[in-house]
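Counting starts at 1 for both ligands and their atoms, following the listed order.
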Amino acid sequence: MSAQIDLKLKNIGLLATPYGGRAKGGRDQGAISFVPDAEVGISGGRFFYAGPRGGCPGAAREIDCGGRLLTPGLVDAHTHLVFGGWRHGEMARRLSGDSYLDILKSGGGIIETVRRTREAGEEELFEKGLALLAEMLSQGTTTAECKSGYGLSLSAEMKQLRVMERLAREGPLDLALTFMGAHALPLEYAGDRAGYVSLVCDEMIPAVAEAGLARFCDVFCETGAFSLEESARVLRAGREHGLLCKAHVDEIDAMGGAEMAAEAGCVSAEHLVRASDEGIRALASSDAVACLLPTTSFCLDKDYARARDMIAAGLPVAICTDFNPGSSPCLNLQFPMYLACLKYRMTPAEALTAVTLNGAAALGLCAETGSVEAGKRADAVLWEARDLDYIFYRFGGSLARATIKNGEVVAGNI
Ligand code: NIG
Ligand code: FE
């Protein structure tokens, strides 16, 4: 007896998708599957069939995709989605010569967003987050990560995490939650770095783990933020409380952060603009995914990470927005996809894997999502395009025609 197919997407001009249940590095990163003239069957919110026309049983509902391109739903594995206020005033300061770290040192930057996030009510943060999630969905993102780190006190971090958890429960995307209390030193701890690191390790991490509010623990390892030793201590405390580790490393200064992240057993290492050859090798021989953030380089007008060297070393690369109010106020993953080709010299096929399967792997979700394959969550994007190259060419807007989440068309129209 054939299975009950709830929805059939027919007349797909091209299905382009990575495949499998693990991160892809090296040559495998660009080895994706292309099925022309395809169809996809969905049952119970999951893909039941994905392949050539004629292979899928009939369904109660059928949608004609008009010969367009279908890919997996996009996975944005690095965002700072929940925060109070914005920081558009920093643009003028940066234009007059202040660097990102100068602004942070003078009480602006992350510290300014901390002030605004502490002032904001939970409902206000929730409503703002919900509107941002709707925007992401309309641009093709179906799964995202979301970090705390704009509270920097036990109560304000817990407030931010509760909002994130409610967005995960009630919002339209799947969200993976990350605790990032070690994002900056709050003003009230100026001069007492050790005291703040102890607060993060001995009070915040146990409370977050106890409340089950996060799956990951992240740290900003950087000049002006946390040292290698402090970062390693935070990640160790996270692990001891059952959290998986991530780390922002080697973004602005080369600190040996990539080596530290590999040593700490991180599931992903973020930024990596100044990562050393040794650091890249260390990450490649660990299980980590490199989460690269080209819109941050673009926005700060800085150098770009060495994605080609990472791919050559066999390190799986994910591309994410790093959406935040300071260094990357860009929610649309399609722009970093474009920069991945232009600036990282990745091929469209490698970049597609980077924003789907490898993004999912950075969140421990690649058995669930990241490819259009029988058994995975039915998350997909139908593009206003006929082939893959086109969506890496028409930059600046959104080419997502419709987004399908758990087997439902949730944004756009077909
Ligand atoms: O990943 N680098 C640290 N954190 C963010 C920036 C946060 C902010 O500027 O508000 C990042 O770029
Ligand atoms: Fe970040």
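Although no hydrogens or angles enter the test, the distance criterion places no donor-acceptor pair under 3.5 Å between the side chain of T369 and the main chain of L365. In this structure, the side chain of S371 does not engage the main chain of E373 through any donor-acceptor pair within 3.5 Å.
In summary, D303 and R274 engage in a salt bridge, as defined by a charged side-chain N under 4.0 Å from a carboxylate O. By the 4.0 Å N-to-carboxylate-O rule, R87 lies close enough to E90 to be salt-bridged with it. Under 4.0 Å is where a charged nitrogen must lie from a carboxylate oxygen, and between K105 and D98 no such pair does. Between R233 and E230, none of the side-chain N atoms (NZ, or NE/NH1/NH2) sits under 4.0 Å from a carboxylate O, so this pair counts as no salt bridge. D379 has a carboxylate O that lies under 4.0 Å from a charged side-chain N of K405, or vice versa, which qualifies the two as a salt bridge. Taking 4.0 Å as the cut-off between side-chain N and carboxylate O, E165 and R169 count as a salt-bridged pair. D28 and R22 are joined by a salt bridge, as a carboxylate oxygen and a charged side-chain nitrogen come within less than 4.0 angstrom of each other.
Not a single heavy atom of F83 sits under 4.0 Å from any atom of ligand 1. In this structure, H271 has a heavy atom closer than 4.0 Å to ligand 1. Using a 4.0 angstrom heavy-atom cutoff, D322 counts as in contact with ligand 1. For H78, the heavy-atom gap to ligand 1 drops under 4.0 angstrom.
Note: an N/O pair closer than 3.5 Å links H248 and ligand 1 by distance alone. Inclusion of S327 in the set of residues having an N or O under 3.5 Å from an N or O of ligand 1 is warranted.
Heavy-atom contacts of E251 reach the following atoms of ligand 1: 2 (N) (cutoff under 4.0 Å). Interface atoms of ligand 1 facing R87, defined by a heavy-atom separation under 4.0 Å, are 8 (C), 9 (O), 10 (O). Numbered from 1 in the order shown, with element, the atoms of ligand 1 that lie under 4.0 Å from a heavy atom of H183 read 3 (C), 4 (N), 5 (C), 7 (C). Atoms of ligand 1 lying under 4.0 Å from at least one heavy atom of N324, given by number and element, are 5 (C), 6 (C), 7 (C), 8 (C), 9 (O), 10 (O), 11 (C), 12 (O). Close approach of ligand 1 to Y100 (heavy-atom distance below 4.0 Å) involves ligand atoms 6 (C), 7 (C), 8 (C), 9 (O).
Using a 4.5 Å heavy-atom cutoff, the side chains of R193 and L185 are in contact. A 4.5 Å side-chain heavy-atom check between I205 and V200 finds at least one atom pair inside the cut-off.
Taking both residues in full, the closest heavy atoms of G20 and L357 are given as O-CD1, 3.4 Å, listed atom of the first, atom of the second, then distance.
Excluding waters, the count of protein N/O/S atoms less than 2.8 Å from the Fe ion (ligand 2) comes to 4.
For atom 3 (C) of ligand 1, the nearest non-hydrogen atom from the set F323, Y150, F220 comes from F220.
The nearest protein atom to atom 5 (C) of ligand 1, hydrogens excluded, is given as H80 NE2, 3.6 Å; this is a heavy-atom distance.
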